[in-house]
Amino acid sequence: MSYTESVGLHGDALKIKLSAPAVEGKANKALLKFLAERFQVPLRQVSLKQGAQSRYKIVEIYQPSMGIQVLLADDCLK
């Protein structure tokens with residue numbers, strides 16, 4: 001079974017493995033949903049700023065209730 005997860009740092013970026021395929025925006029939607037859940041914010045507070053068609057993306061999370069450590073925590077990294 002495939003699932004979305006944070007797999008760690010890749011250079012100066014965070015690598016996230018997505019369960020959704022990169023077709024018709026499904027991967028982007030899965031990424032935004034994953035980040036909204038991790039940062040405990042509504043989906044409307046997470047936006048893709050750059051890289052909709054790229055493997056490398058810039059995402060903005062407006063007023064997150066959690067810090068970046070939530071993606072680097074041991075339970076996120078398998």
Side-chain angles (χ1 to χ4, degrees):
M1 183 166 117
S2 182
Y3 50 92
T4 298
E5 66 179 331
S6 174
V7 293
L9 295 175
H10 185 70
D12 62 350
L14 179 66
K15 187 172 184 175
I16 298 176
K17 183 177 105 177
L18 299 172
S19 61
V23 293
E24 299 177 5
K26 290 180 182 179
N28 289 337
K29 288 178 186 175
L31 173 64
L32 297 180
K33 182 180 175 190
F34 172 77
L35 292 172
E37 289 171 357
R38 287 290 181 195
F39 283 92
Q40 299 178 2
V41 296
L43 187 56
R44 68 180 178 275
Q45 289 181 217
V46 182
S47 62
L48 183 59
K49 292 297 185 184
Q50 189 175 1
Q53 302 293 317
S54 172
R55 294 177 62 119
Y56 302 97
K57 302 178 184 308
I58 296 176
V59 177
E60 179 180 52
I61 302 167
Y62 181 71
Q63 294 183 335
S65 35
M66 308 294 283
I68 190 70
Q69 69 276 6
V70 73
L71 294 174
L72 301 173
D74 290 339
D75 62 332
C76 292
L77 301 176
K78 307 238 188 261

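In what follows, residues are counted from 1 in the order of the sequence shown.
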Partners meeting side chain to side chain contact (heavy atoms under 4.5 Å, CB included) with Leu48 (sequence neighbours left out): Asn28, Leu32, Ala52, Lys57, Val59

Nearest-0.5 Å distance that lies between atom CD in Glu37 and atom CE in Met66: 13.0 Å

Donor-acceptor contact present, side-chain Gln45 to main-chain Tyr62, <3.5 Å: yes

Exercise: identify the closest heavy-atom pair between Ala30 and Ala20: CB-CB, 3.7 Å

Residues that Glu60 engages under side-chain hydrogen bond (donor to acceptor under 3.5 Å, both in side chains), provided they are two or more places apart: Lys49

From CG (Leu31) to OG (Ser19), nearest 0.5 Å: 10.5 Å

Closest approach of Leu14 to Ser6 (non-hydrogen atoms, all atoms of both residues): CD1-OG, 3.6 Å

Transitive ILVMFWY side-chain link Ile68 to Phe34, under 4.5 Å: yes

Pairwise distance OG1(Thr4) to NZ(Lys17) - rounded to 0.5 angstrom: 8.5 Å

Main-chain N/O of Phe39 paired with Ser65 side-chain donor or acceptor, under 3.5 Å: yes

Minimal non-hydrogen separation, Val70 against Arg38, with atom names: CG2-O, 3.4 Å

